[in-house]
Amino acid sequence: MLTNEEKDLVKATVPLLKEHGSEITSTFYQRMFEDHDELLNMFNQTNQKFGDQPKALANTVLAAAEHIDDLEAIVPAVIGIGHKHRALNVKKEHYPIVGKYLLIGIKEVLGDVATDDIMNAWEKYYNQIAQIFIDVEEKMYEEAAWDGFKPFIVKEKEYLTDDVIRFTVQNDEALPEIIPGQYITVKVKPKDYPYEALRHYSICSINTADGLQFAVKREGEKDEAGVVSHYLFDELNEGDIIELSAPAGDFLLDHSDEKLLFIAGGVGLTPIMSMVESAVKYNKDIDLIISTTDETTLPFKEELESLKDKVNITIRYTKDDGYLTANDISGYDDYSIYISGSLAFNQAMINASLDNEYDMSKVHYEAFGPRMSLAV
């Protein structure tokens with residue numbers, strides 16, 4: 001445990017972390033990958049390229065430093081990140097490597113400001129935080145439906161829009177019960193790509209009678225093309241084998257909620273569909289607001305049509321009607337709210353919820369990107 005003096009040293013670095021956090025974590029990733037390029041198999045290189053992953057780590061480190069006297073406050077963030085770590089097969093032996101290079105990043109960026117006493121305090125504190133992650137993730141590994149990655153055969157590949165595909169996969173074993181909101185993690189090795197590539201994709205139905213269903217959006221073009229999504233679109237076909245880790249996630253439907261508002265942006269509708277499916281089964285009071293560019297970008301059209309008599313559905317086409325605002329989601333004071341979309345969409349809807357003075361403990365969100373990049 002840290003002494004009070006060591007805690008004070010860590011807390012004193014908070015202003016520096018706010019100022020240099022992303023630079024520190026970018027340096028950390030660069031140095032770590034130079035010495036441990038095998039870890040590139042685990043990390044989303046697109047998030048690295050555009051700064052989302054370093055920002056998420058910087059926010060996590062900052063949150064830990066700000067709550068050094070009350071580490072319970074960071075547990076929700078630890079759980080969310082822990083689910084992704086378990087899905088990626090991050091193990092406890094990886095934490096000393098991360099700690100070593102995070103400290104190198106702090107020292108390299110802060111220079112002489114990072115005294116030996118400060119670095120020693122941070123080393124002890126990192127080990128304390130790492131143990132929290134390890135303990136949380138150990139339980140997740142024990143509860144996972146299967147260990148590591150398992151092969152599945154692609155039974156169906158269905159275009160929902162030009163840029164969204166629904167895959168249905170199956171293997172010889174019984175599939176686990178799906179909790180609405182969970183995601184699976186895909187591991188592929190694209191041609192002419194030096195590493196394995198892993199990505200999380202939301203499960204779009206709790207019904208596994210015909211197989212496990214998940215949806216994928218084609219991301220980016222040319223130099224900004226998403227490695228995995230383009231592989232799944234262009235190279236993976238019906239009858240092929242794909243490796244998946246067990247369902248994971250903390251963006252889950254609470255069945256004790258009776259009045260539900262779902263807000264989905266684009267392909268963010270994917271986990272919402274499994275939630276709505278389950279909520280209908282339990283006869284909940286359901287409103288669904290969807291924001292997407294135009295009719296051609298709206299996935300799950302047939303499913304939405306079948307839900308019209310059971311769910312109050314509003315579709316906003318941004319090309320004609322503009323983006324959702326606080327006014328569009330007003331009047332839901334006594335609802336539990338579930339938000340799913342891009343980082344920008346989620347941030348806008350979180351801000352809209354704040355503008356409406358909603359109880360934020362009843363506002364839940366999933367981000368298609370590093371969760372800690374969001375500010376709440």
Side-chain angles (χ1 to χ4, degrees), residues 1-14 16-18 21-22 24-25 27-29 31-33 35-36 38-39 41-44 53-110 114-144 147-148 185 198 200 245-246 248-252 370-373:
M1 297 294 292
L2 276 76
T3 65
N4 289 333
E5 290 78 9
E6 288 168 332
K7 286 184 179 182
D8 288 340
L9 287 173
V10 171
K11 286 188 282 189
T13 64
V14 169
L16 290 172
L17 287 175
K18 285 183 175 179
S22 292
I24 289 169
T25 49
T27 302
F28 146 73
Y29 281 119
R31 298 290 179 263
M32 183 174 70
F33 291 148
D35 292 345
H36 294 274
E38 74 279 3
L39 296 179
N41 290 315
M42 288 186 175
F43 286 82
N44 185 326
Q53 197 76 44
K55 180 180 178 183
L57 180 57
N59 286 350
T60 304
V61 171
L62 179 57
E66 289 182 322
H67 294 95
I68 193 169
D69 294 316
D70 179 23
L71 285 180
E72 289 296 318
I74 71 167
V75 169
V78 170
I79 291 173
I81 296 168
H83 277 289
K84 294 187 183 296
H85 284 178
R86 199 283 299 158
L88 295 169
N89 218 31
V90 173
K91 297 295 181 66
K92 62 181 180 181
E93 55 263 30
H94 293 123
Y95 280 93
I97 299 173
V98 170
K100 173 183 175 180
Y101 290 95
L102 181 58
L103 294 173
I104 287 173
I106 292 173
K107 180 62 178 177
E108 186 170 327
V109 173
L110 298 187
T115 64
D116 289 345
D117 287 342
I118 288 175
M119 296 308 300
N120 289 335
W122 259 105
E123 182 177 6
K124 287 181 66 174
Y125 191 44
Y126 170 81
N127 290 334
Q128 187 175 344
I129 297 168
Q131 193 60 52
I132 294 173
F133 274 93
I134 290 168
D135 292 343
V136 166
E137 290 163 17
E138 182 178 17
K139 187 171 186 293
M140 292 176 179
Y141 277 104
E142 292 172 354
E143 295 175 348
D147 293 331
T185 303
L198 288 74
H200 310 299
S245 67
D250 65 332
F251 177 63
L252 306 174
R371 185 185 183 92
M372 285 299 290
S373 293

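Residue numbers run from 1 in the order of the sequence given.
- Under the 3.5 Å distance criterion, the side-chain polar atoms of Ser245 are matched with a main-chain donor or acceptor of Ala87.
- Each of Phe28, Tyr29, Tyr101 was checked for a ring-ring contact (aromatic ring centres under 6.0 Å, His included) with His36, and the lone residue meeting it is Tyr101.
- Between the Thr13 side chain and the Leu16 main chain, no donor and acceptor come within less than 3.5 Å of each other.
- Atom CE of Met1 sits about 9.0 Å away from atom NZ of Lys124, to the nearest 0.5 Å.
- With rounding to the nearest 0.5 angstrom, the CG atom of Asp250 is 6.5 Å from the CG atom of Leu252.
- No donor-acceptor pair closer than 3.5 Å links the side chain of Gln131 to the backbone N or O of Gln128.
- To the nearest 0.5 angstrom, Ile79 atom CD1 is 11.0 Å from Ile132 atom CD1.
- Contact detail for Ala65 and Leu17: the closest heavy-atom pair is CB-CD1, 4.1 Å.
- Of all the heavy atoms in His83 and Ala248, the pair that sits closest is O-CB, 3.9 Å.
- Nearest heavy-atom pair, Ser22 versus Thr25, reported as atom, atom and distance to 0.1 Å: O-OG1, 3.2 Å.
- Side-chain contact between Val90 and Arg86: absent, with no pair of heavy atoms (C-beta onward) separated by less than 4.5 Å.
- Side-chain contact between His200 and Leu88 is present, with heavy atoms from C-beta onward closer than 4.5 Å.
- No hydrogens or angles considered: a donor-acceptor pair under 3.5 Å links the side chains of Tyr95 and His85.
- A heavy-atom distance below 4.5 Å is not found between the side chains of Asn120 and Tyr125.
- For Asp70, the CG atom is densely surrounded, since the number of other residues' heavy atoms within 6.0 Å is greater than 12.
- Atom CG of Leu102 sits about 13.5 Å away from atom CD1 of Ile97, to the nearest 0.5 Å.
- No side-chain heavy atom of Tyr126 sits less than 4.5 Å from a side-chain heavy atom of Val10.
- A salt bridge between Glu108 and Arg31 is present, with a side-chain N of the basic residue lying under 4.0 Å from a carboxylate O of the acidic one.
- The CD atom of Glu66 lies 11.5 Å from the CD1 atom of Ile74; values are rounded to the nearest 0.5 Å.
- Considering Ile118, Thr115, Leu2 in turn, Ile118 is the only one that fulfils the side-chain contact (heavy atoms from CB on, under 4.5 Å) rule with Leu9.
- Within a 6.0 Å radius of CG in Asp147, no more than 12 heavy atoms belonging to other residues, nucleotides or ligands are found.
- For the atom pair CG of Asn4 and CD1 of Ile68, the computed distance is 9.5 Å after rounding to the nearest 0.5 Å.
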Under the side chain to side chain contact (heavy atoms under 4.5 Å, CB included) rule, what do Asp69 and Lys11 come out as? Steps first, then yes or no, please.
-> CA-CA 10 Å; Asp69 294 316; Lys11 286 188 282 189; 2.9 Å; yes

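- The backbone N or O of Lys91 lies less than 3.5 Å from a partner atom in the side chain of His94, making a donor-acceptor pair.
- Within 6.0 Å of CD in Glu72 there are 12 or fewer heavy atoms belonging to other residues, nucleotides or ligands.
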